[in-house]
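Residue numbers start from 1 in every chain, and the chains themselves are labelled A, B, ... in the order their sequence lines are given, proteins ahead of strands.
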Amino acid sequence: MMGALYTLYEREMRKWFRQKVQLVFIVVMPLMWMGLFGKSLNFSALLRIPDIPGAEPLRNQIQLLIEEYVIKRYFGGYDYFSFFVIGMLSVFILFTTMWSGMSLVFDRRLGYLNRFLVAPIPRSSIVMSKILSSVTRSLIQVTALLIIALALGLSLKPGVGVIDIAILYGVITLLALSFSSIFTAIAVRITSHDLVISIANLVNLPLMFTSNAIFPVEQMPQYLQIIARANPITHANVITRYHLLGVGDPGSMVTSTIYMALFATTSIAIAIIASRRIE
Amino acid sequence: MWAVEVEDLHKIYPGGVKALNGVSFKVSKGEVYSLLGPNGAGKTTTMKIIATLLKPTSGRAMVMGIDVTSNPDSVRKIIGYVPQDLSADDELTGIENVVLQARLYGIPKDKAVKRARELLEMVGLGEAANRLVKSYSGGMRRRLELAMGLVNEPELLILDEPTLGLDVQSKLSLWEHIERLKKEKKVTILMTTHYMDEADKLSDRIAIIDRGKIVAEGSPQELKAKVGGDVIMIKISSDPLKVVEKLRMIDGVRGVDVIEGNIRIKVNVAETMLPEILKVLGSVDGRIESISITRPTLDQVFIEYTGRMFRDEEPGDFRRQMMIWRRKR
Ligand SMILES: Nc1ncnc2c1ncn2[C@@H]1O[C@H](COP(=O)(O)OP(=O)(O)O)[C@@H](O)[C@H]1O
Ligand SMILES: [Mg+2]
């Protein structure tokens with residue numbers, strides 16, 4: 001199992017690194033989200049009162065109130081851009097991993113899959129190689145995005161440490177495992193890449209908007225809150241925002257971690273079971 | 001024990017296409033056995049079932065005595081499968097493809113690289129080993145596929161239309177490789193083709209398959225013999241009518257007549273009959289001016305058993321679709 005898995009995983013990564021454009025693509029789209037959306041919908045900037053000549057004390061007082069009772073209350077800190085960027089890291093992982101099934105569909109279309117299926121290897125190694133390579137790509141992507149975001153003005157909490165960064169990578173790993181398992185499992189019997197595209201397009205925005213990536217869950221209507229709390233992106237962000245921005249409730253760490261671990265385990269189990277039906 | 005034993009295979013695809021209608025055959029060890037039939041006859045379906053890629057609707061298939069449905073992993077270890085559709089990865093080099101394949105059979109890295117080099121050398125791709133498969137010609141791809149099918153030193157090699165779409169030159173080169181394999185490696189080869197000349201040239205035995213059923217089986221000679229056998233035409237300087245009766249008496253001669261002064265002798269296999277015929281002709285006056293042998297082709301065999309002409313290329317699905325679509329408009 002491990003030998004075959006490693007061989008197939010190596011193939012995936014080798015092919016990915018060979019496609020130099022892909023390396024650019026994993027940062028271009030997020031760059032647009034962060035640079036355009038993140039900067040223009042920056043609530044901290046939007047709610048900044050311009051200088052009012054002759055009324056400086058009043059203006060400053062109101063500004064302080066807005067920052068304290070609007071921005072900080074909603075976003076846990078004074079800086080919406082950082083809130084947005086850390087939240088969107090998880091969403092970018094979704095955007096990357098939702099294509100995990102595509103390579104399986106192409107392997108089938110191009111006949112490579114038959115080669116793997118006639119070899120004396122477990123079916124699960126084929127599926128797991130897709131999942132693990134997808135996770136690896138996600139981790140590489142997160143690293144690149146973090147650097148770009150810092151250049152764009154992301155400010156992490158004072159005294160952020162190696163452990164906080166390690167926790168970020170752990171959370172991203174769990175999230176990427178979950179999503180790539182689910183999307184690979186879906187593709188096990190799919191023969192048309194159009195269908196994969198439709199599925200990806202169907203789920204990407206709803207999953208983003210029903211999470212705390214852009215807006216805090218507390219401000220959502222009740223029904224949306226229920227969905228948001230089931231969404232693993234929400235839990236990923238609860239953990240990463242606490243550790244990187246110092247925002248949020250430390251009491252949620254344990255429940256969110258348990259939720260993510262369970263979600264990932266279940267997803268992998270589904271993918272392994274689905275791999276038996278690969279054809 | 002048979003290398004391959006197939007018993008009453010039926011396959012109905014989801015959607016109701018009946019691809020196989022009771023296919024049975026047996027292949028001895030060391031033999032080259034071909035399924036010959038037109039497109040859509042069920043060749044690929046049969047190969048996929050034997051290669052453990054597809055489950056039959058009913059019936060069973062055994063490779064070296066192992067059942068392919070109940071024990072697929074054991075079968076996978078001892079077969080090499082070269083699919084009809086190209087399966088080497090374009091974005092990898094030739095050697096990367098073969099090494100990857102070898103690694104899937106549990107061969108350690110350094111041994112896999114060594115094996116890959118040998119195999120690529122063997123199929124004449126030593127020079128091109130480090131090029132991306134993208135840049136290979138059709139013939140090179142087919143040879144690469146062959147090398148990939150051999151990484152585990154299979155006891156049974158399955159070749160599904162190994163020369164499909166190749167030009168004459170590449171086709172001949174691939175035939176040479178297959179013949180060398182047969183001689184040197186003593187591997188059993190089960191192949192399919194819709195080229196008559198290919199089946200004729202390479203196979204020890206041929207099964208003719210049409211519409212999911214095997215309609216005839218035998219060595220190329222036997223099959224042709226069933227249809228009518230070879231024809232020997234002899235021109236002699238003396239009166240041919242004097243020897244006709246004598247020639248008719250020879251065991252194995254199926255008919256003699258005289259056409260425009262030539263003696264026309266119908267036999268099963270010309271080579272084995274010629275000495276006897278020449279002996280008879282030597283006992284009469286006159287000398288032999290010319291001898292020619294005409295062989296029956298497998299095309300005639302196909303017509304004989306199916307009542308239809310054998311066409312090399314049926315319209316592909318796409319073209320057929322276009323035709324239907326045009327007709328509708
Ligand atoms: N996956 C499939 N689904 C439905 N029908 C199929 C499928 N594969 C093959 N067929 C049909 O089964 C028949 C036999 O096909 P195949 O075994 O590929 O023939 P051959 O290899 O002799 O050309 C054809 O009618 C073909 O259209
Ligand atoms: Mg075929």
Side-chain angles (χ1 to χ4, degrees), chain A residues 1-23 25 99 102-130 132-133 137 188-193 195 272 275-279, chain B residues 13-14 44 47-55 63 66 68 71-93 95-109 112 132-134 141 144-145 147-149 151-152 154 156-158 160:
Chain A
M1 162 79 189
M2 292 323 278
L5 174 57
Y6 179 74
T7 304
L8 293 174
Y9 170 78
E10 196 191 2
R11 164 184 182 261
E12 296 287 328
M13 294 316 294
R14 192 182 289 233
K15 286 181 67 162
W16 189 67
F17 278 117
R18 210 160 272 178
Q19 296 263 307
K20 305 237 162 37
V21 261
Q22 290 194 8
L23 298 175
F25 269 106
W99 301 113
M102 196 59 125
S103 89
L104 194 58
V105 172
F106 269 108
D107 277 359
R108 179 180 292 112
R109 288 240 128 179
L110 299 177
Y112 312 151
L113 191 62
N114 273 345
R115 280 280 179 205
F116 307 148
L117 292 176
V118 289
I121 55 171
R123 297 306 182 246
S124 54
S125 64
I126 299 171
V127 164
M128 284 309 292
S129 74
K130 302 285 179 201
L132 293 184
S133 62
R137 289 197 290 268
V188 152
R189 279 291 180 104
I190 292 182
T191 51
S192 111
H193 50 263
L195 188 54
I272 289 177
S275 73
R276 297 203 194 121
R277 288 170 47 82
I278 206 167
E279 195 164 82
Chain B
Y13 280 108
T44 297
M47 294 303 115
K48 280 190 172 168
I49 291 172
I50 297 169
T52 74
L53 286 174
L54 205 60
K55 289 208 163 57
V63 174
I66 309 164
V68 297
N71 209 347
D73 260 326
S74 306
V75 172
R76 286 173 187 141
K77 281 185 190 129
I78 56 169
I79 63 168
Y81 172 64
V82 179
Q84 173 182 322
D85 303 316
L86 298 172
S87 68
D89 195 326
D90 269 38
E91 291 161 15
L92 299 178
T93 65
I95 192 152
E96 280 171 345
N97 267 292
V98 186
V99 171
L100 171 75
Q101 192 68 16
R103 303 277 289 130
L104 292 182
Y105 286 84
I107 300 169
K109 188 91 183 212
L132 289 184
V133 174
K134 254 190 258 203
R141 275 170 184 248
L144 174 64
E145 298 278 338
M148 287 168 74
V151 286
N152 57 331
L156 171 71
L157 182 62
I158 299 174
D160 196 357

Quiz item: Under a 4.5 Å heavy-atom cutoff, which of B:Ile79, B:Asp90, B:Asp85, B:Leu54 has the most pairs with chain A?
Solution: B:Asp90
Practice problem: Specify which of B:Leu100, B:Val75, B:Val99, B:Asn97 makes the most heavy-atom pairs with chain A at under 4.5 Å. | Solution: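 Sorted descending by pairs with chain A, the first entry is B:Leu100.
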What part of [X] is in contact with chain A, defined as an atom under 4.5 angstrom from a non-hydrogen atom: side chain, backbone, both or neither?
{"X": "B:Ile158", "value": "neither"}
{"X": "B:Gln101", "value": "side chain"}
{"X": "B:Asp89", "value": "both"}
{"X": "B:Leu104", "value": "both"}

Quiz item: Could you walk me through whether B:Glu91 and A:Arg18 pass the salt bridge (Lys or Arg N to Asp or Glu O under 4.0 Å) check?
Solution: CA-CA 8 Å; B:Glu91 291 161 15; A:Arg18 210 160 272 178; over 6 Å; no
Practice problem: Go through the atoms of A:Leu110 and report whether side chain, backbone, both or neither lie under 4.5 Å from a heavy atom of chain B. | Solution: backbone
Practice problem: Examine whether an atom of A:Arg123 lies under 4.5 Å from a heavy atom of chain B, and if so say whether it belongs to the side chain, the backbone or both; otherwise answer neither. | Solution: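 Contact with chain B involves the side chain of A:Arg123 alone.
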Quiz item: In terms of heavy-atom pairs under 4.5 Å, which option from A:Leu8, A:Leu117, A:Leu113 contacts chain B the most?
Solution: A:Leu117
Quiz prompt | Salt bridge flag under 4.0 Å for residues B:Arg103 and B:Glu96 | solution = no
Quiz item: Just how far is it from atom CG of B:Leu86 to atom CZ of A:Arg115, taken to the nearest 0.5 Å?
Solution: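 With rounding to 0.5 Å, CG (B:Leu86) is 9.5 Å from CZ (A:Arg115).
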Practice problem: Compare every heavy atom of B:Asn152 with every heavy atom of B:Gly80, then report the nearest pair and how far apart it is. | Solution: CA-OD1, 4.4 Å
Quiz prompt | Closest non-hydrogen atom pair, A:Pro120 against B:Tyr105 | solution = CD-CE2, 3.3 Å
